[in-house]
Peer 1: 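Can you read through this structure? Questions will come right after.
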Amino acid sequence: MSKNLTTRREDYSKWYNELVVKADLAENSAVRGCMVIKPYGYAIWEKMQAELDRMFKETGHQNAYFPLFVPKSLFEAEEKNAEGFAKECAIVTHYRLQNDPDNPGKLRVDPDAKLEEELIVRPTSEAIIWSTYKGWIQSYRDLPILINQWANVVRWEMRTRLFLRTAEFLWQEGHTAHETKGEAIAEAEQMNNIYAEFAEKFMAIPVIKGVKTQSERFAGAEETYCIEALMQDGKALQAGTSHFLGQNFAKAFDVKFTNKDGKLDYVWATSWGVSTRLMGALVMTHSDDNGLVLPPNLAPIQVVIVPIHKTDAQLEEISILAKNLMQEFKTMGISCKYDNRTTHRPGSKFAQYELQGVPLRIAIGPKDLENKTVELARRDTLSKEIVELDNLVATVNGLMIDIQDSLFNKALDFRNNHITEVETFDEFKNVLNTKTGFISAHWDGTAETEQKIKDLTKATIRCIPFNAKNEKGICVFSGNPSDGRVLFAKAY
RNA sequence: CGGGAUGUAGCGCAGCCCGGUAGCGCACACGGCUGGGGGCCGUGGGGUCGCAGGUUCAAAUCCUGUCAUCCCGACCA
């Protein structure tokens, strides 16, 4: 069935790359480490954006936009943050080109056009935003500030992969300022919950909520909340993070306010973000060897109608039926495409929509016209059935919900079957190398142990999950006392 | 930046060892037969073989240099 597509079993990375390209989601750009998101891929991203944006606004956030460039002096103000990102920054040093006297027809950087202060292309916007907030905040009456921005950021990664790690990527970053510590923590937790809800309800990706260990924390954060998902190859993917930043940025940028008692205090901050990496998570969670599988809630095309005909007259007759159906789907809010191209044959259309993950396909041919039926094919199960034309729209509507649920449940089963509790380090290594997935193990809470395990196995602590049962134990590596289990995995 | 590999048509590759002026599959264009799962047959278009130098009557092929890309590490949403 799958033609020209590497299978998951053969080579998971290759399968992923080919799938992203062949499903028309994105491709590598000629620009180093950068990606071109193609219209079909972007349409999915837009659906994600729309839903997230709605959720942000429902919780009182507003959108704004801040500059791409961050002057170096601002960038370095919060030391930990600067240090964390320093190794992967693109830097603007000049502002003008000129004709190259040594190479006619070529340009060179004008050496006289050197900037007095270099500009960092934002790898994240805390610095530029907090330097701006300083001017906005004087009193507790100015708080909270609840702002999100949709933007691109640049991180000069050594090795890149479509959607999962590219030098430039699209994301949203929320940056909030609060009067109290408690309020800021509540905000960070709320946003992590929103991410989890979005991942599970819209992307049909089950996630584990928790906090990062100190060494995995965002540079400059006091606490990093995260949602972790499990891909089909048994590796974990960080799907979203939300940070409680304490007063670190307020202190670095001197953002003080007068509180209700008339005293000066630093404001409390959060930041949170998800990126186009979610597209990678979507692909890797649901897709199969025939291509992409999209949950109905995110599919740009939820239903495709493919006519099967020999003659023009047959096509015309099918088209009348198809157009009526489209109208009904539209009324139900189901997006539908009728592919009446005569330049492609039905079989190749079937294959194409399968590759592109369209959740449901309706085929209508002369036999169907005669019997008042259509053929329905589900992308997720690859099952086909002939159904009556009567009540078709209701049937399809029900299937949209079924498919969405069943994708989630399938991913949930897989995920739950790949969380393994281990008691010894031998078991740990064994599970990691054979079964893969998350390993639930006791940890002594030290960075040293965490690092040693990472060096030995490449597995990192993905998160300290919130839902962990209260259980004392001994560390799987050091044998020292542990307060609870954490989740280890190899990660993207 | 350390280890490995590769640059030949839009994409994927063969040819290189053993030098004789470039080929296959997919894609593309045209014609016909077709049409309920990626059709078949025929015809056709498209490449200064990454770049520069050298050896030679002759270089995709041999030699030297160089550039680029990919994979494995380190870094990371």
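In what follows, chains carry the letters A, B, and so on, assigned in the order in which the sequence lines appear, proteins first and then strands, with residues in each chain numbered from 1.
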Peer 1: Across all strands, who's sitting opposite B:rG25 as a Watson-Crick or G-U wobble pair, both distances under 3.5 Å?
Peer 2: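 B:rG25 is paired, partner B:rC11.
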Peer 1: Using whole Å, report how far CG of A:Asn28 lies from P of B:rC70.
Peer 2: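 After rounding, the reported distance stands at 7 Å.
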Peer 1: Under a 3.5 Å cut-off for both distances, is B:rC30 Watson-Crick or wobble paired, and to whom?
Peer 2: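 Partner of B:rC30: B:rG42.
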Peer 1: Write down the distance between CD (A:Glu385) and C1' (B:rG36), rounded to a whole number of angstrom.
Peer 2: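 The distance from CD of A:Glu385 to C1' of B:rG36 comes to 16 Å, rounded to the nearest Å.
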Peer 1: Whole Å only: how far is the NZ atom of A:Lys14 from the C1' atom of B:rC70?
Peer 2: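 Checked: the NZ to C1' distance equals 12 Å.
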Peer 1: Output the single nucleotide from B:rG37, B:rA77, B:rG38 whose closest atom is nearest the side chain of A:Ser348.
Peer 2: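 Between B:rG37, B:rA77, B:rG38, the one nearest the side chain of A:Ser348 would be B:rG38.
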Peer 1: Starting at CD of A:Glu157 and ending at C1' of B:rC1, how long is that distance when rounded to a whole Å?
Peer 2: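 About 16 Å, once rounded to whole Å.
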Peer 1: Which part of the nucleic acid, if any, lies within contact of A:Ser13, taking any heavy atom under 4.0 Å across all strands shown: a base, the sugar-phosphate backbone alone, or nothing?
Peer 2: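 It contacts nothing in the nucleic acid.
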Peer 1: Does A:Glu223 pair with A:Arg217 as a salt bridge, N-O distance under 4.0 Å?
Peer 2: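 Looking at A:Arg217 together with A:Glu223, the answer is yes, because their closest N to O distance falls below 4.0 Å.
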Peer 1: Holding to ring pair (Phe, Tyr, Trp, His ring centres under 6.0 Å), I want the full list of residues that pass it with A:Tyr492, two or more places apart in sequence or in another chain.
Peer 2: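 If we apply the ring pair (Phe, Tyr, Trp, His ring centres under 6.0 Å) test to A:Tyr492, skipping adjacent residues, there are no hits.
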Peer 1: Would you kindly give the NZ-to-C1' distance between A:Lys367 and B:rG36, to the nearest whole Å?
Peer 2: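 Checked: the NZ to C1' distance equals 5 Å.
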Peer 1: Can you measure A:Arg161 atom CZ to B:rC75 atom P for me and round it to whole angstrom units?
Peer 2: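 Distance check: A:Arg161 CZ to B:rC75 P gives 18 Å.
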Peer 1: Rounded to whole angstrom, note down the P distance from B:rU43 over to B:rG23.
Peer 2: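 Result for the P pair: 15 Å, nearest Å.
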Peer 1: Do A:Lys209 and A:Asn467 get their side chains close enough for a donor-acceptor pair, meaning under 3.5 Å?
Peer 2: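 The answer is no; no qualifying pair exists.
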Peer 1: Can you tell me the Watson-Crick or wobble partner of B:rC62, both distances under 3.5 angstrom?
Peer 2: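 With both distances under 3.5 Å, B:rC62 matches B:rG54.
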Peer 1: Using a strict threshold of under 4.0 Å (side-chain N to carboxylate O), is an ion pair present between A:Lys367 and A:Glu370?
Peer 2: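 Looking at A:Glu370 and A:Lys367, the cut-off is not met.
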Peer 1: What is the pairing partner of B:rU6, taking Watson-Crick or G-U wobble pairs with both distances under 3.5 Å in any strand?
Peer 2: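 Matched B:rU6 with B:rA68 under the 3.5 Å cut-off.
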Peer 1: Taking the P atom in each of B:rU64 and B:rC28, what is the distance between them to the nearest angstrom?
Peer 2: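 Going atom to atom, P in each nucleotide, I get 43 Å.
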Peer 1: Checking all strands, does A:Lys212 fall into the base, sugar-phosphate, or nothing category for heavy-atom contacts under 4.0 angstrom?
Peer 2: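 Here A:Lys212 touches no strand at all.
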Peer 1: Report yes if a side-chain nitrogen or oxygen of A:Lys22 is closer than 4.0 Å to either non-bridging phosphate oxygen (OP1 or OP2) of B:rC11; otherwise report no.
Peer 2: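 Checking A:Lys22 against B:rC11: no side-chain N or O falls below 4.0 Å of OP1 or OP2.
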Peer 1: Distances under 3.5 Å only, N/O to N/O: pair up the protein atoms with those of nucleotides 31-35 of chain B.
Peer 2:
| unit_1 | atom_1 | unit_2 | atom_2 | d |
| --- | --- | --- | --- | --- |
| B:rU34 | O2 | A:Arg345 | NH1 | 2.8 |
| B:rG35 | O2' | A:His309 | O | 3.4 |

Peer 1: What's the gap between B:rG7 and B:rU66 when it is taken at their C1' atoms, as a whole Å value?
Peer 2: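 Pairwise C1' distance, B:rG7 against B:rU66, rounds to 13 Å.
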Peer 1: Between A:Glu375 (CD) and B:rG37 (P), how many Å, whole number?
Peer 2: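 Taking atom P of B:rG37 as the reference, CD of A:Glu375 is at 8 Å.
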Peer 1: If you assign A:Gly365 and A:Asn17 each to the RNA chain B nucleotide with the nearest heavy atom, which residue ends up on the more 5' nucleotide?
Peer 2: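 Here A:Gly365 is the residue nearer the 5' end.
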Peer 1: Partner lookup for B:rG37, please. Criteria are Watson-Crick or G-U wobble with both distances under 3.5 angstrom; report none if nothing qualifies.
Peer 2: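 Looking at the geometry, B:rG37 pairs with no nucleotide.
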Peer 1: Would you measure the distance from the P atom in B:rG3 across to the matching atom in B:rU48 and give it in whole Å?
Peer 2: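 Roughly 36 Å separates the two P atoms.
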Peer 1: Do A:Arg361 and A:Phe350 form a cation-pi contact, if we require the NZ or CZ to be under 6.0 Å from the six-membered ring centre and within 45 degrees of the ring's axis?
Peer 2: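 Yes - A:Arg361 lies over the ring of A:Phe350, closer than 6.0 Å to its centre and within 45° of its axis.
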Peer 1: To the side chain of A:Ser275, which of B:rG36, B:rG38, B:rA77 is closest?
Peer 2: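 So the side chain of A:Ser275 is nearest to B:rA77.
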Peer 1: Please list, chain by chain and in numerical order, all residues satisfying salt bridge (charged side-chain N to carboxylate O under 4.0 Å, His left out) with A:Lys349, sequence neighbours excluded.
Peer 2: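 If we apply the salt bridge (charged side-chain N to carboxylate O under 4.0 Å, His left out) test to A:Lys349, skipping adjacent residues, the hits are A:Asp339.
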Peer 1: Will you find, in the side chains of A:Gln451 and A:Ser215, an N or O donor that is under 3.5 Å from an N or O acceptor?
Peer 2: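 No, because no side-chain N or O of A:Gln451 sits under 3.5 Å from a partner of the opposite role on A:Ser215.
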Peer 1: On a whole-Å scale, what distance lies between the P atoms belonging to B:rC41 and B:rC49?
Peer 2: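 Looking at atom P only, B:rC41 and B:rC49 are 33 Å apart.
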Peer 1: Quiz question: by atom type and distance under 3.5 Å, do the side chains of A:Lys235 and A:Tyr12 form a donor-acceptor pair?
Peer 2: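 The criterion, which ignores hydrogens and geometry beyond distance, is not satisfied for A:Tyr12 and A:Lys235.
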Peer 1: Given B:rC75, B:rA77, B:rG36, which nucleotide is nearest the side-chain atoms of A:Lys454?
Peer 2: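 Output: B:rC75.
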Peer 1: Find out whether A:Val274 and A:Phe198 are in side-chain contact, i.e. whether some heavy atom of one side chain is under 4.5 Å from a heavy atom of the other.
Peer 2: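 No, too far: nothing below the 4.5 Å cut-off.
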Peer 1: Strictly by Watson-Crick or wobble contacts shorter than 3.5 Å, is anything paired with B:rC16, and which nucleotide is it?
Peer 2: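 No nucleotide pairs with B:rC16.
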Peer 1: In whole Å, measure the gap between the P atoms of B:rC26 and B:rU34 for me.
Peer 2: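 It works out to 23 Å between them.
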Peer 1: Classify the side chain of A:Glu354 and the base of B:rG38 as holding, or not holding, a donor-acceptor pair under 3.5 Å.
Peer 2: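 Between B:rG38 and A:Glu354, which were checked side chain against base, a qualifying N/O pair under 3.5 Å is absent.
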Peer 1: Give none if B:rU48 has no partner; otherwise give the nucleotide forming a Watson-Crick or G-U wobble pair with it, both distances under 3.5 Å.
Peer 2: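 The answer is none; no pair meets the criterion.
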Peer 1: Report yes or no: do A:Thr460 and A:Arg462 form a side-chain donor-acceptor pair below 3.5 Å?
Peer 2: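 A donor-acceptor contact under 3.5 Å links the two side chains.
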Peer 1: Compare the minimum distances between each of B:rG73, B:rG38, B:rG36 and the side chain of A:Ala351, then state the nucleotide with the smallest one.
Peer 2: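 When the side chain of A:Ala351 is considered, B:rG38 is the closest of B:rG73, B:rG38, B:rG36.
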Peer 1: Rounded off to whole Å, could you give me the CG-to-C1' distance for the A:Asp455 and B:rG73 pair?
Peer 2: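 Taking atom C1' of B:rG73 as the reference, CG of A:Asp455 is at 13 Å.
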Peer 1: Which part of the nucleic acid does A:Tyr492 contact within heavy-atom distance under 4.0 Å: base, sugar-phosphate only, or nothing?
Peer 2: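 Nothing: the residue A:Tyr492, judged by heavy atoms under 4.0 Å, touches no strand.
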Peer 1: In whole Å, what separates the P atom of B:rC17 from that of B:rG25?
Peer 2: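 Looking at atom P only, B:rC17 and B:rG25 are 25 Å apart.
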Peer 1: Over all strands shown, is A:Leu164 touching base, sugar-phosphate only, or nothing at heavy-atom distances under 4.0 angstrom?
Peer 2: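 Base contact.
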Peer 1: Which value, in whole Å, describes the distance between the P atoms of nucleotides B:rC57 and B:rC11?
Peer 2: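 Taking atom P in both B:rC57 and B:rC11, they lie 37 Å apart.
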